[in-house]
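Only one structure is covered here, and it is reproduced in the block below.
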Amino acid sequence: MKFKNLILLILLIFNIMFLPAFAEEHNMYAPYKLEQNEILFSQSRKQVDAVNPTIYSNRSGSHFPGARGADQLILYTSAYGDRTMTNEFGAEAIIVGNTVTELSGADSFIPPDGAVISGHGVGKNWINSNISIGTKIYYDENTGVITTYNTSKSLMFEALQKIEEASSMINYYKAQNPSYDWKVPNNFIKDAQNYVRKGAKNPDEVQKYSKLAIESANAAIKSVLPFKVNEFKGVWLRPTETKEIEIAAAVNKIKKAGIDNIFLETYFHGRTIFPSKTMESYGFIAQNEKFREFDPLRVWIREAHKQGIKVHIWFETFYVGNQEPSAYYKNILAVKPDWGNKTLTGYESAVATPSSSEHNGYFLDPANPEVQEFLLRLLAEIINNYKPDGINLDYIRYPQVISPSASGNWGYTDIARSLFYQQYGVDPVKIATTHPLWVKWGDFRRQQVTDFVEKVGKLGKSKGIYVSAVIFPDKSIAYSRKMQDWATWSQKHFVQAFTPLFLTCNPKTLNSQITTVLNYKTPETDLIAGLFVTFMGGSEEDLIRQIHETRKVNVNGVSLFDYAHLTQKYINALSTRVFSSKDKVDTDNIKPNARKINWNAPIEPSVESGETSLVIKKFDPGSEITLPLKAPSPVLSVSRKKY
């Protein structure tokens, strides 16, 4: 009997290994047909809003990355390009052939023999509700409708995939360290394999055993990664606590997760969390209204240092929030309207231009010497009065350029135009993208940002402060669309570290983006990978596999975005082993508990058992499929749900 079960498991794994070949024969443009004895558990349909959209073909998405608009469902094929280029506010399903092989959140790689379904808002919710790893996909090119199928053949794929993944991770760390303790994760893998065998042997209970297998495989993944000494383990945090006891509790929570560095948002939306003499001297609001008569910065630093945690000042450099400047007379741009950044189309306006692709937020002009002087005075005040461990420069750039034309570019303020005219004798408003001075106009704006970074770097070095900067990992986009020349910052040693945010849950995308940064930074500049999994609502396993990916390319550490989304499930995953200095697996955090699952609960759509057949009611009104009550083929694949 054991030999028979082993054969069934081999058949299952064989099916996974040869999925790409299978997918080539089953493309998503042909209706999916149930095989003999295959059971359909769920089916859904939704109209696609656009295929391979552009800013011209999909006007609703013209101001958003990937040309994916609000609440839209988009289909990207290989004809679109290598990646979807979407932002972090969506969900994506990666398809090979007609099978969903991965779930992601943003900017996914598009398989050459498949596609990516991408959704925002309503579209995102539909993906999360109806698509799992292993789901079969049919796209009707005539109607533009996507149909999903979750069947008995798509239930074991995720479990097998995760078993293989966890085994690969174990082998990686065994090769790195001969004394690596792999017993606990290996035991979870054995449990998962056992459930797979039971599912193959008892097809009528395939849902039950697939879930148990996935639970055990997940536990294996969460217990694989060992603790790494001297690895930066950070989190970005926007403070909301207004009492010392609340801050102490938050620090304890962070400590429990194994985090040893906090990027504390100290200056954001044009306000400081502490009572600032600098802000007051300019006539700006002296302190964020939420924290009046309380100095949270001093308490955060004190409590964090008690626990051996470092505090870096998270500083929103040129961004002042999306509140209308006129909403309050002490807003920075209400007091200093000429400090605001403008597009070419808004250069004659008396007020700053809001950035439509960035929550209609307002930015300061980096070319304005008064702006740079103010920000440096504010940073000096923080460093001198609070002695933080570091400065983390965020929004150290121009607003995002969406349109490639000059009209969508930024920096057309009176002071910038005047300074450029003094150097080149031409007003930038008269320079089109084809003008010989267009490149010089870009260089001029990039230099304003670089100059400020250099000044902060010198300030940090003079005070023994660790200076880091949030950069966009795509060097070309950062350089041309955000005027952020971070490669030069590294080459000239203006900062000690980069903390790019990688807006993805997908390890392949993460690896590609990290590699880009590594290729252009110098070895002297640390790389701390900003992971967006918690903000995007990814699984605990997504977080673990991303940390694993960063270790494979040997970066200096990671930081999580952000504390507000660091829920207990993530804390459990981190403290299980990967961030636990004890480097012993805490199985209480990850032990699968099948008793919590009600296997007798009704399944939707309903399943009715007859004497000789199963009647599976489909989502199609009035239709049903009747199949013989026989065991389906042992060669199964699996779907992904959020268990």
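- Between Lys124 and Glu92, no side-chain nitrogen of the basic residue sits less than 4.0 Å from a carboxylate oxygen of the acidic one, so the salt-bridge criterion is not met.
- Inspection of the Asn368 and Lys336 side chains reveals no N or O donor paired with an N or O acceptor under 3.5 Å.
- Residues Arg481 and Asn409 have side chains that never bring a donor and an acceptor to within less than 3.5 angstrom of each other.
- A donor-acceptor pair is defined here as one N or O able to donate and one able to accept, closer than 3.5 Å; such a pair exists between the side chain of Gln287 and the backbone of Phe294.
- Between Asn58 and Arg68, the side chains place no donor N or O within less than 3.5 Å of an acceptor N or O (distance only, hydrogens not considered).
- Of the possible polar contacts, one joining the Asp49 side chain to the Leu73 backbone as a donor-acceptor pair under 3.5 Å is found.
- A distance below 6.0 Å separates the ring centres of Phe232 and Phe263.
- Under a 4.0 Å N-O distance rule, the pair Asp485/Arg446 does not qualify as a salt bridge.
- No side-chain N or O of Gln447 forms a donor-acceptor pair with one of Asp443 less than 3.5 Å apart.
- A salt bridge links Lys458 with Glu454: at least one charged nitrogen is closer than 4.0 Å to a carboxylate oxygen.
- With ring centers used as reference points, Phe502 lies 6.0 Å or more from Phe532.
- Proximity of the aromatic rings of Phe420 and Trp441 is defined here by a centroid distance below 6.0 angstrom, and this criterion is met.
- Side-chain contact of Gln307 with Asn252: a donor-acceptor pair under 3.5 Å is present, judged by distance alone.
- A cation-pi arrangement is absent between Lys455 and Phe494 under the rule of less than 6.0 angstrom and at most 45 degrees off the ring axis.
- Within the 3.5 Å criterion, the main-chain N or O of Gly530 finds no donor-acceptor partner in the side chain of Ser559.
- Taking the ring centroids of Phe535 and Phe561, they lie under the 6.0 Å cut-off.
- For Tyr412 and Tyr347, the distance between ring centers is not under 6.0 angstrom.
- Using modelled atom types, one finds no donor on one side chain facing an acceptor on the other under 3.5 Å when comparing Gln513 with Asp474.
- With Phe579 as the aromatic partner, Lys256 does not meet the cation-pi criteria of under 6.0 angstrom to the ring centre and within 45 degrees of the ring axis.
- Taking 4.0 Å as the cut-off between side-chain N and carboxylate O, Lys430 and Asp427 do not count as a salt-bridged pair.
- A donor-acceptor contact shorter than 3.5 Å is absent between the side chain of Asn288 and the backbone of Phe291.
- Ion pairing of Arg238 with Glu316 is present here, as a side-chain N (NZ or NE/NH1/NH2) and a carboxylate O approach within less than 4.0 Å.
- With hydrogens and angles ignored, the 3.5 Å screen pairs no side-chain donor or acceptor of Ser349 with any backbone N or O of Gly346.
- No option in Phe284, Phe315, Tyr319 other than Phe315 meets the ring pair (Phe, Tyr, Trp, His ring centres under 6.0 Å) test with Tyr267.
- Side-chain contact of Ser468 with Thr499: a donor-acceptor pair under 3.5 Å is absent, judged by distance alone.
- No cation-pi contact links Lys482 to Tyr479, judged by a cut-off of 6.0 Å to the six-membered ring centre and 45° from its axis.
- Of the possible polar contacts, one joining the Thr272 side chain to the Ala286 backbone as a donor-acceptor pair under 3.5 Å is found.
- One finds a salt bridge joining Arg397 and Glu358 here, because a Lys/Arg side-chain nitrogen approaches an Asp/Glu carboxylate oxygen to under 4.0 Å.
- A donor-acceptor pair under 3.5 Å is formed between the side chain of Gln372 and the backbone N or O of Gln448.
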